[in-house]
Amino acid sequence: MKKIIKDILINAINHTYPNSEFIGLIEVQNVTAKNVEADFFSNISMKLAKQLKENPMHIAQEITKNISKIDDIQVDIVKPGYINFIVHDKEKNNVISIINNSNDLLGHCKTDDKLKINVEFVSANPTGPLHVGHGRGVIYGNIIAKFLKIQGHNVTKEYYVNDHGNQIRKLCLSVFSHIDELYAKSEDDLYQGEYTKEIAVLIKKNNIELPVIPKTSDHLIDIPEDTRNFIVKNMVDRIKTQLNNLNIKFDNWFYETSLFDEKSKYKPDHLIQKLEKSGNLHNDGTNAIMLKAEEPRVLVKSDGTYTYFATDLAYHHLKMEEYDVVIDVWGADHHGYIPRMEAGLIALGHKTDKLDIHLIQFANLYRDGEKISMSTRKGEYVELNELGDEIGNDAINFFYLTKNKDQHLDFDLNVAINQNKNNPVFYIQYAHARIEKILTEVGRYQDKEYDLQSLDNKLEKDLISTLMNFNEVATKTIMKLQPHLMTHFLLKLAQDFHSYYANIKILNQDEIDYSKIHLIAAVQKVIKCGLDLLNINSPKVM
RNA sequence: GCGUCUGUAGCUCAGUUGGAUAGAGCAUUAGCUUCCGAAGCUAAAGGUCAGAAGUUCGAAUCUUCUCAGGCGCUCCA
């Protein structure tokens, strides 16, 4: 509809101001102001006023003179120079049939340029279970990967498992400390979570080899590889189970250690050689190896071990070579790390416009008004699934998706649990269930006679206008990766429906008005489509 | 100090590439059940869009400055 109006305007302006370059300035927008009786408007005459040095009202009149009369659209001029369009109900009501006859309401959200995209998200260290602090990144990463898939891209969802660094060693020692306290002797801040005890029990039960405790404390404890792998596997399995409970599946679990495989092309030492050849290493006279950047960044420490950055750079080097677009979903605390990563990739000859880093702002967690900090190390955390058990996956999804990722948000656990019944997601689902009830009562309605033009009640008109916006909202949500737009649309639609339902009797005993049935069927179809898009269930009964 | 994200109703958040009188939910107040599901509906009340200046016909939206908050500035991961 918008496009049709735009074409009309283009035509008219071509006539009014031939050979002009004004076409590019034309935009048609939805009317959102409540007091304005119109569906769409254009501000083109105000824009032209400046260039033509004429009164915008006058320009609008000149343009509208050249708009050919169309049956279903009324054109108005309103000061200071808006050109408003009112679409007649007959035309609008067609949206109901369009929706009900569509096989794929999201069919228009397709890209012309299919790309191979890697979306890496969560990637929490396997040193503890996923907790509520990870929730936002989990849900966000999963949903944008879904949107990209709908667009038609070839998407790989990837979890990067940091199973190589010092923190894994600490994890192992934390586990061993429950078997023999001597393991904890030379270590401070070990992991305190319950799971370390559980794994210790498994180690004993399965007779897994324990490391030898060295006689003198200057010898490091040497952890057998199989034992280490056993512990890491157990942790990763726990995380997988948690994600499974949220219905999230990854396509690829990439282990940091695999970069060090003999056959790996992307071994960090190859990386260093490459950087050295291209003259990108910085030497400050110490034993450390550094990358030249806005500030030198350490790749290999003086003791010969790699930094996290070195292996992460190798990993990104790999992704950049294998994919057209590389997306990272990171917590906002990593933002200072971006220039380093970009500098590294540029030094390796990559174009960083392929790299798209989505920063997610932190969710501050409260319990009864008091801030709680999540610390895996101290064993202070609320597991993501505990929250899921309390309020359900639908509420979790909806909660996180309602907010823009750049918005800092506050989350009070107890309030969330207590107010769960008021969660807006149920309001939407309730609309779906109510419609379901009516539709089953009505039975088969598709082949009955109906007249959409009879829908002329104010509430029906509102409902239909909202339905008309679905296409645009869906496009924006999916193409611009903004899930919160859809959550707000669904709330508005549910609201319009509940209002309609409460005020207008849809099922009349004497005779059924099948146009109303088609209307609510369209509403239900759109709600279901929107909820599916957000990974939320559409229950038929609640 | 530098970088970065944010500041909209009592609370939690929307607000489209700058458009018309600022939008929801929760909380508060007052109403609504012989009738399709009250997880609902109808209203009321609630705002100096942090503050100031600027650009513009027009600013919550863009620019600059100030104030306030989160996060980051490791040979940590």
Side-chain angles (χ1 to χ4, degrees), chain A residues 27 29-36 38 41-43 45-47 49-50 55-56 78-82 84 125 127 162 164-168 170 256 286-290 295-303 305-312 331-339 359-362 364 399 402-412 415-416 419-431 433-439 441-442 472-473 476 480 482 484-485 487-489 491-492 494-495 497-509 512 516 520 541-542:
Chain A
E27 44 182 292
Q29 301 181 41
N30 292 27
V31 170
T32 47
K34 279 184 171 173
N35 54 320
V36 179
F41 74 92
S42 174
N43 55 8
S45 30
M46 268 98 79
K47 284 189 173 172
K50 202 178 190 178
N55 185 328
V78 184
K79 64 179 178 182
Y82 293 109
N84 285 356
N125 287 343
T127 52
N162 301 120
H164 184 262
N166 193 33
Q167 83 283 2
I168 294 295
K170 277 212 154 67
E256 187 180 356
T286 63
N287 285 331
I289 299 176
M290 301 195 199
E295 227 179 292
R297 298 297 180 183
V298 178
L299 292 163
V300 182
K301 297 179 238 173
S302 303
D303 66 3
T305 59
Y306 292 100
T307 58
Y308 174 82
F309 173 51
T311 48
D312 201 23
D333 55 337
H334 282 65
H335 83 265
Y337 186 73
I338 296 174
L359 291 178
I360 311 293
Q361 291 301 321
F362 273 25
N364 290 316
F399 174 80
T402 320
K403 282 92 178 173
N404 189 318
K405 73 173 169 37
D406 292 329
Q407 181 65 252
H408 305 234
L409 62 88
D410 293 326
F411 188 25
D412 193 310
V415 172
Q419 291 190 346
N420 192 35
K421 276 204 149 182
N422 287 326
N423 192 306
V425 75
F426 300 125
Y427 183 82
I428 299 168
Q429 291 178 322
Y430 186 47
R434 271 181 154 177
I435 296 173
E436 183 66 25
K437 182 77 182 297
I438 297 175
L439 293 183
E441 213 148 298
V442 170
E472 194 180 339
V473 173
K476 252 180 204 161
K480 297 196 170 175
Q482 302 209 304
H484 71 278
L485 296 178
T487 63
H488 287 95
F489 171 82
L491 274 175
K492 171 82 171 84
Q495 198 167 30
F497 169 74
H498 284 306
S499 180
Y500 180 52
Y501 180 93
N503 288 289
I504 303 282
K505 179 104 172 108
I506 297 167
L507 280 185
N508 225 315
Q509 296 303 327
I512 296 172
K516 288 188 171 64
I520 63 166
V541 185
M542 290 177 71

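Lettering follows sequence order; numbering is per chain, from 1. Below, each value reflects all heavy atoms present in this structure, side chains not excepted, and no hydrogens, waters or symmetry copies.
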Distance, [atom1] atom - from [M] to [N], rounded to whole angstrom:
| N | M | atom1 | result |
| --- | --- | --- | --- |
| B/rA9 | B/rA14 | C1' | 13 Å |
| B/rG46 | B/rG10 | C1' | 9 Å |
| B/rA22 | B/rU64 | C1' | 26 Å |
| B/rC65 | B/rC75 | P | 31 Å |
| B/rU21 | B/rU17 | C1' | 24 Å |
| B/rG15 | B/rA39 | P | 30 Å |
| B/rG40 | B/rU16 | P | 28 Å |
| B/rC62 | B/rA43 | P | 34 Å |

Protein-nucleotide distance ([X], atom [atom1]; [N], atom [atom2]), rounded to Å:
| X | N | atom1 | atom2 | answer |
| --- | --- | --- | --- | --- |
| A/Tyr430 | B/rC41 | OH | C1' | 11 Å |
| A/Gln482 | B/rG15 | CD | C1' | 12 Å |
| A/His334 | B/rU74 | NE2 | P | 15 Å |
| A/Asn166 | B/rA77 | CG | C1' | 9 Å |
| A/Asp412 | B/rC13 | CG | P | 11 Å |
| A/Tyr337 | B/rU4 | OH | C1' | 18 Å |
| A/Tyr308 | B/rC75 | OH | C1' | 16 Å |
| A/Ile428 | B/rA24 | CD1 | C1' | 12 Å |

Which residue lies more 5' along RNA chain B, comparing A/Asn30 with A/Phe399 via nearest heavy atoms: A/Phe399

Closest-nucleotide 5' rank along RNA chain B - winner of A/His408 and A/Glu256: A/His408

A/Tyr337 and A/Tyr308 aromatic ring geometry - parallel, tilted or perpendicular at 30°/60° bounds: tilted

Looking across every strand, which nucleic acid part, if any, lies under 4.0 Å from [X] by heavy atom: base, sugar-phosphate, or nothing?
| X | result |
| --- | --- |
| A/Thr286 | base |
| A/Leu299 | nothing |
| A/Lys492 | nothing |
| A/Ile168 | nothing |
| A/Ala288 | base |
| A/Val442 | nothing |
| A/Asn404 | sugar-phosphate |
| A/Asn84 | base |
| A/Ile506 | base |
| A/Gln361 | base |
| A/Thr32 | base |
| A/Asp312 | nothing |

Can you see which heavy atom on [X] is nearest to which on [Y], and at what distance?
| X | Y | result |
| --- | --- | --- |
| A/Tyr82 | A/Met46 | CE2-CE, 3.6 Å |
| A/Thr402 | A/His484 | O-CB, 3.2 Å |
| A/Tyr306 | A/Thr311 | CB-CG2, 4.5 Å |
| A/Leu359 | A/His335 | CD1-CB, 3.4 Å |

Please state whether the phosphate of [N], meaning OP1 or OP2, lies under 4.0 angstrom from any side-chain nitrogen or oxygen of [X].
| X | N | result |
| --- | --- | --- |
| A/His484 | B/rG15 | yes |
| A/Lys301 | B/rA77 | yes |
| A/Tyr427 | B/rA38 | no |

B/rU33, syn or anti by chi within 90 degrees of zero: syn

Close side-chain approach of A/Arg434 to A/Ile520, heavy-atom, < 4.5 Å: no

Criterion side chain to side chain contact (heavy atoms under 4.5 Å, CB included) against A/Lys301, the qualifying member of A/Asn287, A/Thr286, A/Thr307: A/Thr307

Options [options], nucleotide nearest the side-chain atoms of [X]:
| X | options | result |
| --- | --- | --- |
| A/Arg434 | B/rA38, B/rC75, B/rC41 | B/rA38 |
| A/Glu27 | B/rU17, B/rG40, B/rC71 | B/rU17 |
| A/His335 | B/rC75, B/rC41, B/rG3 | B/rG3 |

Step-by-step side-chain contact (heavy atoms from CB on, under 4.5 Å) determination, A/Lys480 to A/Leu485: CA-CA 10 Å; A/Lys480 297 196 170 175; A/Leu485 296 178; 5.9 Å; no

N/O donor-acceptor pair, side chain [X] with base [N], under 3.5 angstrom:
| X | N | value |
| --- | --- | --- |
| A/Gln407 | B/rU6 | no |
| A/His488 | B/rG15 | no |
| A/Asn43 | B/rA20 | no |
| A/Ser302 | B/rC75 | yes |

Point-to-point distance, once rounded to the nearest 0.5 Å, from CD1 of A/Ile506 to CD of A/Glu441: 11.5 Å

Main-chain N/O of A/Gln495 paired to A/His498 side chain as donor or acceptor, under 3.5 Å: no

Pair assignment for RNA chain B - dot-bracket with | for other-strand partners, Watson-Crick or G-U under 3.5 Å: (((((((..((((.....[...)))).(((((.......))))).....(((((..]....))))))))))))....

A/Thr127-A/Gln167 side chain donor-acceptor pair, cut-off 3.5 Å: no

B/rA20 pyrimidine/purine six-ring stacking with A/Tyr82, under 5.5 Å and 30°: yes

